[in-house]
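Data block below; observations after.
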Amino acid sequence: MAEEKGLNFIEEIVEEDLKNGKYQQIITRFPPEPNGYLHIGHASSICLNFGLTEKYGGYTNLRFDDTNPVTEETEYVESIKEDVKWLGFTWKNELYASDYFDTLYGFAVDLVKKGLAYIDDSSSEEIARLKGTPTEPGSNSPYRNRSVEENLDLFERMKNGEFKDGSKTLRAKIDMAHSNMLMRDPVLYRIKHAHHHRTGNKWCIYPMYDFAHGQSDSIEEVTHSLCTLEFVPHRELYNWLIEKLEIYPSRQYEFARRNLTYTITSKRKLLQLVNEKYVNGWDDPRMTTISGMRRRGFTPASIRDFASRIGVAKRENLVSMSLLEHCVREDLNRIAIRRMAVLDPVKLIITNYPNGQTEEVLSENNPEAEDNGGTRPVIFSGELWIEKEDFMETPAKKWFRLAPGALVRLKSAYIIKCEGYNKDSNGNITEIHCTYLPESKSGNDVSGIRTKGTIHWVSAAHAAKAEVRLYDRLFSVEDPAAEEKDFLEYVNPGSLQVIPEAYIEADLGNAKPGDRYQFIRKGYFIADNDSTPQHLIFNRTVTLKDTWAKESRK
RNA sequence: UGGCCUAUAGUAUAAUGGUAGUACAACAGAUUUUGGUUCUGUCUGUCUUGGUUCGAAUCCAGGUAGGCCAACCA
């Protein structure tokens, strides 16, 4: 018996609603505002909303919450659609809150007619002053008791553009002494003579979030409207408006937003990183935007797996980046082709290998692939590049790699023995001299020798070159937003290390943007969008787990 | 100092009045032509005080801690 994984609290609600026949199918929506790029937090929400209807039947709409023309742009709409698709989800309808502006206007008129809304001439400062504070009740606006006729007339003239921005608002008439600040006559409509990315100049009044979101849910007959915890106080207003408007009763449920260590998930702060050039755009691979993670080499499957593993709940949280890394390594281990690349090279000469001779050795493409991956030929010669860090002049304890007199296996080729090395005047190793054991060739090893260590290499005369970009966490502290100083103070100066010329297997010259590899012993990499055959660029998605790094720190 | 929300290993999440489990992390070991992968094992937890109950992580009350709420943002 497979043990049943417990349901999260939202799944429980859905199962209950389905079981007691409240709904035949469920409808959810993913409602981004098109004022920025989607990030890993949105990915969780996308997985939640789409995952629910995939699991229980029904569908999910993509609805842009575009009620503030000042901050919203078509560029963001396009990126959001691309990101949702890339994650592997298909929305039923592509919708916009702005599609409902006429209906919403009608709803507002209805509310006015019912005596439940009024036009207020107070300035925003005045409204704020009369609002009171969380501990003190507010007081009524002097305009609160206008007649229905006057309100109707003024609202229509607001719509017709007779008034300046900020001069009037439409407010719900609820209770200025309510313990919930949002119920103290919330503003429903404001005047903005601004160009909207979809409706152009048709409107000069725009509904507020509270008078658009729930109403849009209702129009679409969304059954479960999921949002983050900061909207909990809005639920009372959400329900009040639905009740007074007598429209379809969508229900709002709130979950805790997901936070990830060493990153930030605030659109405002992400925008700041972009605008102030801390990163190279929204899709910089250091960004935990979905587009950044895509360029970094994360797979949709790994992000979905991550979202499902962290689950959903109502308590504050800070999820460890190591879980995300685990998810992507697990996926990439299965699908990434193995190749050899030397990032920080030192020359290795095999002194007893016949001068000018070359030969082909066979190396595995991916021992972890379901179909075994097959093999590829790699050219071997007497002059190779290996990693500087694979040689130690005076070996540490438990050192399995090259050192004077030590034996090590060259991956898929021969066992070599270090016979000597050259140093320059600064003490840097410039060249390592080895002999090889001809009888130790991989696949035909009759040497009887087993080495503890295996290192990777490329033939110096046959290697291709590539730019390699090594990425590390963008911030040097776990929770930059919670620190004393401004979050920008904690940007990790070493978050990007560029290697202009790494030596790579010649075969890698054919890499196309988006191709993923494991550079053996170095990590998972993806060919960057800007990579061309003339100038190859690889981004490191994530390192391999490195138990030696841990060991050597002891 | 009003209202609302939350509290389970280091982290994230299960257990729905009946043996506190899983994953990641950490640690130890086995395997390994990647110090990768895989496998085995170990460590660590119910915020606190009362109450209800045969029995409480779960229900109730008080306390404590954290979060949210005073944009014509969403």
Side-chain angles (χ1 to χ4, degrees), chain A residues 3-8 12 31-33 35 65-68 70-72 120 122-124 127-129 131-138 165-171 178-182 184 187-192 206 208-210 212-213 227 229-236 254 256 258 261 267-268 309-327 329-330 333-334 338 340 363-364 367-368 398-401 408-413 415 440 442-443 445 450-456 518-523 543-552:
Chain A
E3 76 281 17
E4 208 162 300
K5 186 173 188 326
L7 301 174
N8 65 50
E12 278 180 17
E33 184 191 12
N35 68 345
D65 240 337
D66 55 350
T67 57
N68 186 358
V70 181
T71 56
E72 295 153 5
D120 195 341
S122 307
S123 66
S124 87
I127 288 176
R129 197 177 63 77
K131 197 129 203 167
T133 70
T135 54
E136 300 160 295
D165 285 11
S167 61
K168 284 181 169 47
T169 57
L170 178 75
R171 301 179 69 182
H178 204 287
S179 62
N180 181 348
M181 298 286 290
L182 278 152
R184 321 238 265 226
V187 171
L188 268 21
Y189 263 92
R190 77 286 215 193
I191 302 172
K192 276 181 194 284
Y206 293 92
M208 298 286 290
Y209 167 85
D210 287 303
H213 197 101
C227 61
L229 246 27
E230 65 266 32
F231 290 97
V232 168
H234 292 253
R235 188 176 61 232
E236 196 170 10
E254 311 86 10
R258 320 317 316 235
T261 56
K267 274 192 204 169
R268 201 202 97 238
R309 289 195 199 218
I310 61 181
V312 52
K314 298 183 78 161
R315 85 177 100 131
E316 295 294 311
N317 60 78
L318 183 58
V319 182
S320 171
M321 182 67 89
S322 63
L323 181 60
L324 215 206
E325 291 178 346
H326 168 82
C327 292
R329 283 190 187 111
E330 189 175 75
N333 181 48
R334 254 184 37 244
R338 271 58 167 173
M340 293 194 280
S363 196
E364 299 161 311
E368 306 301 326
K398 297 191 187 176
W399 178 257
F400 302 154
R401 289 124 79 156
V408 81
R409 159 81 61 187
L410 291 172
K411 174 73 181 171
S412 303
I415 293 174
S440 66
S442 287
D445 185 355
R450 286 180 53 201
T451 60
K452 275 279 222 178
T454 300
I455 64 172
H456 62 278
Q518 183 199 101
F519 290 172
I520 287 184
R521 303 207 305 135
K522 297 313 294 180
T543 60
L544 258 26
K545 282 216 293 196
D546 189 350
T547 47
W548 167 249
K550 268 188 228 164
E551 183 67 33
S552 60

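Sequence lines set the chain letters: A, B, ... in the order given, protein chains first and strands last, and positions in each chain run from 1.
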What is the separation between atom CG on A:Asn8 and atom C1' on B:rA15, rounded to the nearest whole Å? 15 Å
Using whole Å, report how far CZ of A:Arg258 lies from C1' of B:rU11. 11 Å
Please classify the nucleic acid contact of A:His234 as base, sugar-phosphate, or nothing, using heavy-atom distances under 4.0 Å. base
Just N and O in the side chain of A:Arg309: are any of them under 4.0 Å from OP1 or OP2 of B:rU22? no
What does A:Arg401 touch in the nucleic acid at a heavy-atom separation under 4.0 angstrom: a base, only the sugar-phosphate, or nothing? base
Measure from CZ on A:Arg235 to P on B:rC5 and round the result to the nearest Å. 8 Å
Check: protein-nucleotides 71-73 of chain B nitrogen or oxygen pairs below 3.5 Å:
residue	atom	partner	partner atom	Å
B:rC72	N3	A:Gly166	O	3.4
B:rC72	N4	A:Ser122	O	3.0
B:rC72	N4	A:Ser124	N	3.3
B:rC72	N4	A:Gly166	O	2.7
B:rC73	OP2	A:Arg190	NE	3.1
B:rC73	OP2	A:Arg190	NH2	2.8
B:rC73	OP2	A:Lys192	NZ	3.2
B:rC73	O3'	A:Arg190	NH2	3.2
B:rC73	O2'	A:Asn68	ND2	3.2

Assign A:Gly523 to base, sugar-phosphate, or nothing according to its heavy-atom contacts below 4.0 angstrom with the strands shown. nothing
Do A:Arg521 side-chain and B:rU34 base share a donor-acceptor contact under 3.5 Å? no
By the 4.0 Å heavy-atom rule, please label A:Asn317 as base, sugar-phosphate, or nothing. sugar-phosphate
Between A:Leu229 (CG) and B:rG66 (P), how many Å, whole number? 17 Å
Report the distance from atom CD1 of A:Ile310 to atom P of B:rA14, rounded to the nearest whole Å. 12 Å
Produce the list of close N/O pairs, under 3.5 Å, pairing protein atoms with atoms of nucleotides 37-41 of chain B; give distances to one decimal.
residue	atom	partner	partner atom	Å
B:rU37	O2'	A:Asn333	ND2	3.3
B:rU37	O2'	A:Glu368	OE1	3.0

Are A:Tyr209 and A:His234 close enough that their ring centers fall under 6.0 Å? yes
Taking only residues two or more places apart in sequence, or in another chain, which ones meet A:Arg450 in a salt bridge (charged side-chain N to carboxylate O under 4.0 Å, His left out)? none
Sugar-phosphate only, base, or nothing, as touched by A:Thr133 at under 4.0 Å among non-hydrogen atoms: base
How many whole angstroms separate atom NE2 of A:His326 from atom C1' of B:rA26? 15 Å
Which part of the nucleic acid does A:Lys550 contact within heavy-atom distance under 4.0 Å: base, sugar-phosphate only, or nothing? sugar-phosphate
Nucleotide of B:rU34, B:rG2, B:rG35 approaching A:Leu544 most closely (side-chain heavy atoms): B:rU34
How far does the P atom of B:rG51 sit from the matching atom of B:rG2, given to the nearest Å? 28 Å
Mind calculating the distance between CG (A:Leu182) and P (B:rC68) to the nearest angstrom? 15 Å
Report each atom pair, protein N/O against N/O of nucleotides 6-8 of chain B, whose distance is under 3.5 angstrom.
residue	atom	partner	partner atom	Å
B:rU8	OP2	A:Arg315	NE	3.1
B:rU8	OP2	A:Arg315	NH1	2.6
B:rU8	O4	A:Arg315	NH2	3.3

Heavy atoms from C-beta onward define the side chain here; which of B:rU1, B:rA23, B:rC69 lies closest to that of A:Met181? B:rC69
For A:Gln518, answer base if it contacts any base atom (sugar-phosphate contacts may also be present), sugar-phosphate if it contacts only those atoms, and nothing otherwise; contact means non-hydrogen atoms under 4.0 Å. base
A:Lys411 NZ to B:rG36 P, in whole Å, measures 13 Å
State which residues pass salt bridge (charged side-chain N to carboxylate O under 4.0 Å, His left out) with A:Glu254; sequence neighbours excluded, sorted by chain then number. A:Arg235
Base-pair string, RNA chain B, Watson-Crick plus G-U, cut-off 3.5 Å on both distances, | for inter-strand, is .((((((..((((....[..)))).(((((.......)))))....(((((..]....))))))))))).....
